[in-house]
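First comes the structure, then the notes that go with it.
Note that ligands are numbered from 1 as they come in the structure, with each ligand's atoms numbered from 1 the same way. Only this structure's heavy atoms are used, side chains among them; waters, hydrogens and symmetry mates stay out.
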Amino acid sequence: MTLLIIAPDRDLSPWTIALQACEPELAVKIWPQVPVKEDVTFALCWRQPADIWQQLPNLRCISSLGAGVDHLLQDPSLPADIPIVRLVDPFLAQSMFEYICAATMGILRDFDVYQTQQSATCWHPQNLSLSHHCTVGIMGLGQLGAYTAQRLAQMGFKVVGWARSQKQIEGIETYAGHAELVDFLKRSNILVCLLPLTEQTRNILDRSLLAKLPHQAYLINVARGEHLVDTDLLTAIDAGQLRGACLDVFRQEPLPSDHPFWLHPQIRVTPHCSSITNPVSVAPQIVENYRRSQTGQPLLNQVSRSRGY
Ligand code: GLV
């Protein structure tokens, strides 16, 4: 029985080492080097090639190699009867929080303004804001969103959260569903998108949503590029409605060199690095799910296909 890693264009040797350190007997192969495809019972995938599944007739479980599963659920050839799992990991949550914290602090302390001033050799202190003057709105209150919300609140920010269904998170005021979205947006000086990508959330960050944010609000998108309507963001910034945006994810990655985001003075671009799965940290849960899938036990972090996450 074989665990197959399918993640073209990634260096996968740290994954093999981490998995075999957890379970020395485990047969780990890396696509496309698979001598006997019938032996593959578990697939660990990131942006797998199209139509791969029909070549693997004995799969018992498909795991995402990250927190998101949209690359799997959007694949029309994904077999309907094989359970899908994702990775939930404290390292992922911590690294995501730290990225959002850096972007949020930079805005609170006007680093974007000082960057522009520096290029004009302009010495001009801005009015000082403290964290409790700023409300951060977190869209998406799953593992990463809930953790980030609580850590930002501990730092002194006012934090509000929004999710599809009602969530209770200690110390955080939460809003739920379409009916409460506008009230949530109206309060969010900094809006952070941490939503899963589903048919309901694709293009959610559009002109009408951005227009409901307070004047000069700031957007941080660390979820998926398809959440954001790129031209609507540019229009909102250029009209002075938004102060700017920090974007880590894009419709096309790498972001094409002629995309207007690259050179926009109020947009910060980072290369999908806000939170990167650490093989050593997640190997134990992958091996555990491998064992469970071989013996028919309930899996950890199984994804609901109907919800899309
Ligand atoms: C990264 O984008 C992930 O889903 O883990």
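- Note: no N/O pair closer than 3.5 Å links Ser275 and ligand 1 by distance alone.
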Pair Asp11-Ser13, side chain to side chain donor-acceptor pair (under 3.5 Å): steps then yes or no: CA-CA 6 Å; Asp11 172 17; Ser13 43; 2.8 Å; yes
Criterion side-chain contact (heavy atoms from CB on, under 4.5 Å) on Arg243 and Asp110, from CA distance to verdict: CA-CA 11 Å; Arg243 168 172 172 168; Asp110 299 307; 3.1 Å; yes
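- Atom 5 (O) of ligand 1 has as its closest protein heavy atom Ala67 N, 2.7 Å.
- Within the cation-pi definition used here (under 6.0 Å to the ring centroid, within 45° of the axis), Arg109 does not qualify as a partner of Phe111.
- Of all atoms in ligand 1, listed by their number and element, those nearer than 4.0 Å to a heavy atom of Gly66 are 5 (O).
- Given atom 4 (O) of ligand 1, the protein heavy atom at minimum distance is Gly68 N, 2.7 Å.
- The residues Lys29 and Asp39 are annotated as not salt-bridged, no charged nitrogen and carboxylate oxygen being separated by less than 4.0 angstrom.
- Counting non-hydrogen atoms of neighbouring residues, nucleotides and ligands closer than 6.0 angstrom, the CZ atom of Arg86 exceeds 12 such neighbours.
- For atom 1 (C) of ligand 1, the candidate residues are His71, His272, Glu253; the nearest heavy-atom contact is made by His272.
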